[in-house]
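Here the structure is laid out as structure tokens; the discussion comes afterwards.
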Amino acid sequence: MSLDNEDSHGEIPQENRAEMVKKWADPEHYKMEGVETIKIIEWFVSNPKRKLTEEQKFHCGQAIRYLLRCGLKDDPALDLQKIENYIHRARTGKWIPRELLGEK
């Protein structure tokens, strides 16, 4: 559903557009005490004193993202699984095998 396509069958009433854009662009589950998660991740990965590769920084950043939103958006068990998997990949360079995660 497009916000700017006036011809769409699922047209969004004008009064609801701003609220929908705000929820999409500024979700509450990515804020802590007014601080956006992305700012925390950027602070973490930009520290030149960290002895991490760029890939490790990325995977740690992803783990931070899921850690900070844990229990606010998706099932907490799923978020914890994602955190564990990203940390494992940062440490080993590999994902945890699906069968060990309980997936098929």
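Positions are given from 1 along the sequence.
For E84, the side-chain contact (heavy atoms from CB on, under 4.5 Å) partners at least two apart in sequence or on another chain are I96. Not counting sequence neighbours, the partners of L67 by the side-chain contact (heavy atoms from CB on, under 4.5 Å) test are I83. Annotation: side-chain contact (heavy atoms from CB on, under 4.5 Å) contacts of S46 (sequence neighbours excluded): none. In this structure N85 satisfies the side chain to side chain donor-acceptor pair (under 3.5 Å) test with no other residue, sequence neighbours excluded.
Atom NE2 of H88 and atom CG of L100 lie 8.5 Å apart (nearest 0.5 Å). Note that the CG atom of L68 and the CD1 atom of I40 stand 5.0 Å from one another [nearest 0.5 Å]. Rounding to the nearest 0.5 Å gives a distance of 6.5 Å between CD of Q62 and CD1 of I41.
Using a 4.5 Å cut-off on side-chain heavy atoms (C-beta onward), V45 and C60 make no contact. I38 places none of its side-chain heavy atoms less than 4.5 Å from the side chain of R65.
Counting only residues at least two apart or on different chains, the salt bridge (charged side-chain N to carboxylate O under 4.0 Å, His left out) pairs with a member in residues 43-56 are E54-K57. The stretch residues 35-62 participates, sequence neighbours left out, in these ring-ring contact (aromatic ring centres under 6.0 Å, His included) pairs: H59-Y86, H59-W95.
With respect to D79 and K73, no salt bridge is recorded, no charged nitrogen being found less than 4.0 Å from a carboxylate O.
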